[in-house]
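Letters go in sequence order (proteins before strands), and every chain restarts at 1. What you see below is based on every heavy atom in this structure, not just the backbone, and it leaves out hydrogens, waters and symmetry mates.
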Protein chains: 2
Amino acid sequence: MEILTDRQQQVLDFIRHHLDAHGLPPTRAEIARALGFSSGNAAEVHLRALERKGAIELIAHASRGIRLSAMAQEFTATATGLPLIGRIAAGSPILAEQNIEARYQLDERLFGPHADYLLRVQGQSLRDAGILDGDLLVVRCTPEACNGQIVVARIDDEVTVKRFERTGERVRLLSANPDFAPIEPATGAALVIEGVAVGVIRCGRL
Amino acid sequence: MEILTDRQQQVLDFIRHHLDAHGLPPTRAEIARALGFSSGNAAEVHLRALERKGAIELIAHASRGIRLSAMAQEFTATATGLPLIGRIAAGSPILAEQNIEARYQLDERLFGPHADYLLRVQGQSLRDAGILDGDLLVVRCTPEACNGQIVVARIDDEVTVKRFERTGERVRLLSANPDFAPIEPATGAALVIEGVAVGVIRCGRL
DNA sequence: TTCCATGCTGTTAATTTAATCAGCGTCCGG
DNA sequence: CCGGACGCTGATTAAATTAACAGCATGGAA
């Protein structure tokens with residue numbers, strides 16, 4: 001897809017937004033109104049340019065005959081799916097843009113209440129819970145965890161995935177692998193629960 | 001959503017199909033042509049009925065102003081996603097309608113070349129491969145398997161999931177759990193490879 | 001400078017489309 | 001037999017929409 005001018009990008013964004021909000025493409029007049037043109041022809045010209053550059057397809061003699069090209073559709077998908085977090089840059093919030101490797105559309109109904117992001121698991125410390133190195137953990141952002149849940153925790157700026165266990169005031173982060181020792185943060189240490197796991201996805205390397 | 005008459009269902013199906021094929025809703029005239037009406041009014045009346053029953057919403061004074069209601073959209077998703085296979089009725093092909101518990105939309109890009117269905121894993125025989133009881137195996141339909149791949153195999157009408165291993169002419173289906181013995185089908189036994197695993201999904205029960 | 005792409009205004013004709021009115025036939029339950 | 005829901009034809013009208021033409025202005029490349 002050829003590079004778009006600023007104005008063309010705005011038109012394309014509006015088409016996407018309209019499609020999303022109303023379930024059908026806009027008319028020339030609606031585009032003109034949204035972008036502040038006083039002439040519908042301005043929209044027409046932009047649409048021709050977008051078609052020429054391969055961003056959209058125009059259906060002749062059909063009202064609202066605008067469709068996103070395969071490439072433009074792909075882009076919409078990558079803008080709306082669950083973000084995949086690979087490495088977490090030190091000190092950055094998990095969902096910072098720099099940590100997002102890709103976005104994937106996943107059916108919400110599979111993962112209970114709600115899912116917020118995917119986190120690539122590093123290491124074998126949860127091996128015996130069936131969570132292997134490279135698996136994608138489906139995570140819901142919440143500071144509340146129940147005993148036995150797999151949680152994403154941040155201790156002194158280090159993010160880890162462990163099984164949560166609380167006895168009274170004492171919190172422990174357990175591994176599921178005899179080679180790894182449990183973590184017992186010193187009282188007063190900066191332990192933050194960033195989220196709880198609601199699913200696991202493994203692809204390839206079976 | 002109230003129950004639809006046959007004809008109303010056909011109209012709704014056509015709207016879905018048109019949306020899918022062209023990316024925009026149909027006009028009254030297009031509906032009439034597709035269903036064989038000679039009057040566009042027949043479509044109009046059907047649309048009113050569909051709106052009254054909550055299947056669609058009509059946007060007044062807008063060409064192609066038809067949108068699927070939340071419920072109807074949900075149904076589209078369940079009609080197009082990957083089928084989840086729970087139990088396989090004896091003797092039936094895996095993808096038989098009776099075996100489908102639900103359908104889920106999953107991002108194709110996650111699971112390599114192509115995925116065909118989800119199969120709920122029963123038992124712990126692949127525990128040490130990180131595949132637990134109740135996990136959903138993402139399966140691609142193919143009769144070809146490579147050494148070490150997790151395969152869906154049918155032996156004498158029984159469907160199992162195992163690790164595939166071939167040495168010359170000898171084929172063995174291995175477990176990943178010392179409590180289970182490998183399966184060595186007698187030469188000439190009806191062993192059919194139904195597909196290979198391309199992913200695993202676990203939701204809940206972490 | 002000239003040419004061309006971009007980005008717009010303003011207008012108009014032709015066509016598409018929604019929306020409505022008047023009818024006709026069938027089937028079903030009261 | 002009546003009333004009502006369903007399913008359709010056919011025609012008409014008003015409004016929405018596309019698509020085209022004539023211009024004007026700007027800025028960059030030849």
- Considering only heavy atoms and no angle criterion, is a donor-acceptor pair shorter than 3.5 Å present between the side chain of A:N41 and the base of C:dT11? no

- Compare the minimum distances between each of C:dC8, C:dG10, D:dT18 and the side chain of A:T27, then state the nucleotide with the smallest one. D:dT18

- Can you tell me how far P of D:dT18 sits from CD1 of A:I59, to the nearest Å? 11 Å

- Note on the structure: Axis-to-axis angle for the helix from C:dT1-D:dA30 to C:dG30-D:dC1, ends of five pairs each, to 10°, equals 20°

- Query: Under 4.0 Å between a side-chain N/O of B:H61 and OP1 or OP2 of D:dT17, yes or no?
  - Reply: no

- Counting side-chain heavy atoms from CB outward, which of C:dT6, C:dT17, D:dT9 is closest to A:R52? C:dT6

- Query: Would a 4.5 Å heavy-atom cut-off, applied to side chains only, mark A:L110 and B:L106 as touching?
  - Reply: yes

- Send over the distance from B:L58 CG to D:dA16 P, rounded to a whole Å. 16 Å

- Note on the structure: Residue set satisfying side chain to side chain contact (heavy atoms under 4.5 Å, CB included) with A:H61, at least two apart, ordered chain then number -> none

- Could you tell me whether a side-chain N or O of A:E51 sits under 3.5 Å from a main-chain N or O of A:L58, the two making a donor and an acceptor? yes

- By nearest-heavy-atom nucleotide on DNA chain C, the more 5' of A:G40 and A:A49 is A:A49

- Task: Indicate, with a heavy-atom threshold strictly under 4.0 Å, whether A:A60 touches base, sugar-phosphate, or nothing.
- Result: sugar-phosphate

- Query: Which heavy atom in B:F111 sits nearest to a heavy atom in A:C203, and how many Å separate them?
  - Reply: CD2-CB, 3.7 Å

- Message: Looking only at the side chain of A:R7 (C-beta and beyond, no hydrogens), which of the listed nucleotides D:dA19, C:dC8, C:dT6 gets closest?
- Response: C:dC8

- Message: At less than 4.0 Å, is any side-chain N or O atom of A:S63 found next to OP1 or OP2 of C:dT16? Yes or no.
- Response: no

- Query: When you check the phosphate oxygens OP1 and OP2 of C:dT11, does a side-chain N or O of A:S39 lie under 4.0 Å from one of them?
  - Reply: no

- Query: By ring pair (Phe, Tyr, Trp, His ring centres under 6.0 Å), which residues pair with A:F164, not counting sequence neighbours?
  - Reply: none

- For the pair made of CD in B:E44 and C1' in C:dT20, what is the distance, rounded to whole Å? 9 Å

- Over all heavy atoms of both residues, which pair between A:L191 and A:A153 is shortest? Give the atoms and the distance, please. CD1-CB, 4.0 Å

- Donor-acceptor side-chain pairing of A:D6 and A:Q10 below 3.5 angstrom: no

- Message: For a quick test of reading the model: is some side-chain N or O of B:H46 closer than 4.0 Å to OP1 or OP2 of D:dC6?
- Response: no

- Under 4.0 angstrom, heavy atoms only, what part of the nucleic acid is B:A62 near: base, sugar-phosphate, or nothing? sugar-phosphate

- Item | d(CD1, A:I31; C1', C:dG7) in whole Å | 15 Å

- Task: Would you mind reading off the distance between B:H18 atom NE2 and C:dT17 atom P, rounded to a whole angstrom?
- Result: 9 Å

- Message: For a 4.5 angstrom cut-off between non-hydrogen side-chain atoms, does A:V138 reach B:I201?
- Response: no

- Message: Between P on C:dG10 and CZ on A:F37, what's the gap in Å once rounded to a whole number?
- Response: 13 Å

- Query: Hey, does the side chain of B:R28 come within less than 4.0 Å of C:dA18's phosphate (OP1/OP2), counting only N and O?
  - Reply: yes

- Minimum-distance nucleotide to A:R48 side chain [options: C:dT20, D:dT17, D:dA20]: D:dA20

- Task: Can you tell me the distance, in whole Å, between the CG atom of A:L35 and the P atom of C:dG7?
- Result: 11 Å

- Separation of D:dG7 atom P from B:L47 atom CG, nearest Å, is 13 Å

- Counting only side-chain N and O atoms of A:S38, is one of them less than 4.0 Å from OP1 or OP2 of C:dT9? yes

